[in-house]
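Everything on this sheet refers to the single structure shown next.
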Number of protein chains: 2
Amino acid sequence: MSVGIRHDDLRRRNRAMVISAVRRASQPSRTEIAATTGLSHSTISTISSDLISEGILAEAKSNEPVSMKRGRPQVALTLEPKAASVVAVVLSLNSLSAAVIDYAGNTVVEETTRLVTQHMSAEALIDECVAMIRRLTQSDAASGGAVLRIAMAVQGITDAASRKLLWSPITPHDDIPFADRLEQEFGVPVSVENDCNMIAEALRWRDPVRYRDDFIAILLSHGIGMGLVIKGELFTGTQSSGAEFGHMIHRPDGALCRCGRRGCIEAYAGNYAIWRNARLGDENAEPLADLSDDDIRALADAARDHDGPEREAFRKAGEAIGFGLGSMFALFDPAPLAFVGVGATAFDIMEPHVRSAIAKTAGGLHSKAISFDTEPNEVPLKREGATMRALLTVDQEIFAAGTAPRRAEADVA
Amino acid sequence: MSVGIRHDDLRRRNRAMVISAVRRASQPSRTEIAATTGLSHSTISTISSDLISEGILAEAKSNEPVSMKRGRPQVALTLEPKAASVVAVVLSLNSLSAAVIDYAGNTVVEETTRLVTQHMSAEALIDECVAMIRRLTQSDAASGGAVLRIAMAVQGITDAASRKLLWSPITPHDDIPFADRLEQEFGVPVSVENDCNMIAEALRWRDPVRYRDDFIAILLSHGIGMGLVIKGELFTGTQSSGAEFGHMIHRPDGALCRCGRRGCIEAYAGNYAIWRNARLGDENAEPLADLSDDDIRALADAARDHDGPEREAFRKAGEAIGFGLGSMFALFDPAPLAFVGVGATAFDIMEPHVRSAIAKTAGGLHSKAISFDTEPNEVPLKREGATMRALLTVDQEIFAAGTAPRRAEADVA
DNA sequence: CTTATTTTTTTCGGAACCCGAAATAAATAG
DNA sequence: CTATTTATTTCGGGTTCCGAAAAAAATAAG
């Protein structure tokens, strides 16, 4: 709103446009890009030949064998895999994994380890990340483009600038400056973001038709996380990563939450809450530290099999989620939902209760139109999301600007 | 994200930049504009002399008598009042008011009438608006610039495109197409927006320091409304005007709300809810249709005077608002708050309860830092907001593009 | 096999835009 | 009255985009 547009910004933006069109579409031709961006053919032509000569894009080899059409065949453009690479790191409770991805989005090497995150120092956590990234980037396989960006997806709350892990259930330590430390170590920009936000980012790339401009990803796991895309933008807080759906209040002064407060949605719908309600029947019992996925699946099987405390526990969970969604929908209208994580395998049990709770709220007007989708496996989504985050910033911040000063290149030519 | 920037868009945007800088600052000089926009002096010079010759801006007459500074004195630029005018219409329960405002933002003529909105047909409501606008625009006083835009602020839910009143407590009718009908009548673009959103817009102009990029306006009146500005943008739903704070759920299956559902915040904190709790002690009693401001002030006086059902009613109201805010702050971090309307006069009674409720939520981390402000009189705010909305669209959509095709003008010159 | 047709991509000339530097304008200080 | 300071305008230059025309690369038709 306040800063004017310089003449040279224009070129940068339109380069970004072209790169993003190539990343989004599968091998578009120059003509297609001209159509989707609204820019003229001549502009697309110059920009794309610049990008090709800079080694960012490439013309696809004979891919589609026969076009069956008259006229000069379109030349498909692709991202040049060797243009760069990025590292995606996923840090979760007791687990660290990372991968090197080339510029076209293909995984080059990856690695996963188990750690006991809750009993490690902040330093040790950082060191583990550093060590893993170093192993991966120095491996023979990762000999493509230079690593230009590292993106981490972490459980917990990060700051809005994506520099620090402010708070996380996976460690007792606060304010861990992952970005600063990794940047020091590798000399490459690093971002640290909330894992659910990365899940949302990934969904958008997996199914751009369903998950386009407005949708919600909810992670049903030990806690309840959320990634929210509104009007095409990932919705984050002004100071923190935001969208802590699990800590909206379901019942004032209600069940004891892992965060120490009372009545949070998570205190009814988190894995520990469901287990507690089913097995102890005491919603004020101290939350269990860890719970295996099998425990939850066992509860779900019991709930499906017969009426009893398990079924009741899932009812309460569904109700909490439904009322929470209803309250959210009072603020910004319903959107398609994806339930991700172990909890999603039990979503069939909760769904009727979710829907009936939503129906009691302002969002209820459209409750039948709201569509749910489930995806039990959250780990690949987190990695894909972090990957896309990293690649997009390379696109926008590095390659859109032009790697080398363009004037110098013109002299060479 | 998808559309490229054309070469001619650039000028349009930068013209918009300059106009907006003049509207925001009080009489900035060209040099100041260059500084705030980041554009070069020469660009600002050409753009502003274009705008002056088009009659959109003007150089201020000897305003500041002595500058006390060495060097050529700055020439202050102002908006040319006669460049255009707009009409702001405020439709509330039993009241309609409208005003003609010149391009510089000065009110030229205004009028207010009482109507019995709840017993009028949709047609009659539209007709009243048409008649009032016609009277105002045809009055002798309104002989300045042509009316280029009409903006309405209405209680209730409007559609995201600002065309229709989807639902409103002031009338039993749904889907009233104000924008279409007024456009037909006056041949000028019309927008219809939620009144609380306009209050937020107005606050931002009244106090741009406090209400800058993130803040919340809450209207405490018969119902509870909200206008939300997040990251510099008015936050609206994807289909409707959104941000229906009053209908977030405070207590599942709780008190009976005017909307027919149960447990909404409004059912505890709306005027009717406070009155009901204080006087009937039955939170399921049918909500009263109307309640005068004096009734509320009387309840507030009683609550201040002695412990009793009135004080308890305000406690419940404050608690509902506090938990609601806490849930919102789980989603997007706390921001400065303004409480507007009659209810704001009683906010002193509610404040401790609001704060103690927030302290029990995820937003509680910063609860002491959250600052409240009150403004009892909402009517002028609604009008100011609608005015600014209208003027800004004239700035951005009409004058930024250039009134006449620039090529033709160049020929003349 | 050659020519016409169709479609894609590149090239070229022209216009619009912004920038930086220099020039001009308008005030105060000495 | 001149030097200094600050604001604004003018001018030349370089980018950038666009539209039209040309070139390229295929198929269809004779």
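We name chains A, B, ... by the order of the sequence lines, and we start the count at 1 in each one. All values below were derived from every heavy atom in this structure, side-chain atoms included, with hydrogens, water molecules and symmetry-related copies excluded.
Here B:T31 reaches the OP1 or OP2 of D:dT8: one of its side-chain N or O atoms lies under 4.0 Å away. Close to D:dC18, at under 4.0 Å from its OP1 or OP2, lies a side-chain N or O of A:T43. Not one side-chain nitrogen or oxygen of B:R70 sits closer than 4.0 Å to the OP1 or OP2 atom of D:dA3.
When each of D:dT8, C:dC17, D:dC17 is scored by its nearest atom to the side-chain atoms of A:I47, the top-ranked nucleotide is D:dC17. Side-chain atoms of B:Q74 lie closest to D:dA7 of the nucleotides C:dG20, D:dA7, C:dT9.
More than 12 heavy atoms of other shown residues, nucleotides or ligands fall within 6.0 angstrom of atom CZ in A:R210.
If you take CD on B:E59 and OG1 on B:T78, they are separated by 9.0 Å, rounding to the nearest 0.5 Å.
Rounded to an integer number of Å, the gap from A:I33 CD1 to C:dT8 C1' is 13 Å. The CG-P distance, from B:L39 to C:dC17, rounds to 13 Å in whole Å. For B:H41 and D:dT10, the NE2 to P distance is 16 Å, given to the nearest whole Å. Atom-to-atom, CG of B:D9 to C1' of C:dC18 comes out at 15 Å; the value is rounded to the nearest Å. Here the C1' atom of nucleotide C:dC17 and the CG atom of A:N14 are 14 Å apart, to the nearest Å. Between the CD1 atom of B:I44 and the P atom of D:dT6 there is a distance of 20 Å, rounded to whole Å. C:dC17 atom P lies 5 Å from atom CZ of B:R11, rounded to whole Å. For the pair A:R13 CZ and D:dC17 P, the interatomic distance rounds to 12 Å; values are reported in whole Å.
B:E384 pairs by the side chain to side chain contact (heavy atoms under 4.5 Å, CB included) definition with B:A202, B:R206, B:P380, not counting sequence neighbours. B:A16 is linked by a side chain to side chain contact (heavy atoms under 4.5 Å, CB included) to B:Q396, B:A400, counting only residues two or more places apart in sequence or in another chain.
At a threshold of 4.0 Å, the pair A:D214-A:K231 does not count as salt-bridged, since none of the basic side-chain nitrogens sits closer than that to a carboxylate oxygen. A salt bridge is absent between B:R12 and B:E397: the closest approach of a Lys/Arg side-chain nitrogen to an acidic carboxylate oxygen does not fall below 4.0 angstrom.
A:R24 and A:S20 form a side-chain donor-acceptor contact under 3.5 Å, judged by distance and modelled atom types alone.
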Write down the protein N/O and nucleotide N/O pairs, taken from nucleotides 23-25 of chain D, whose separation is under 3.5 Å; answer none if there are no such pairs.
residue, atom, partner, partner atom, Å
D:dA25, N3, A:R72, N, 3.3

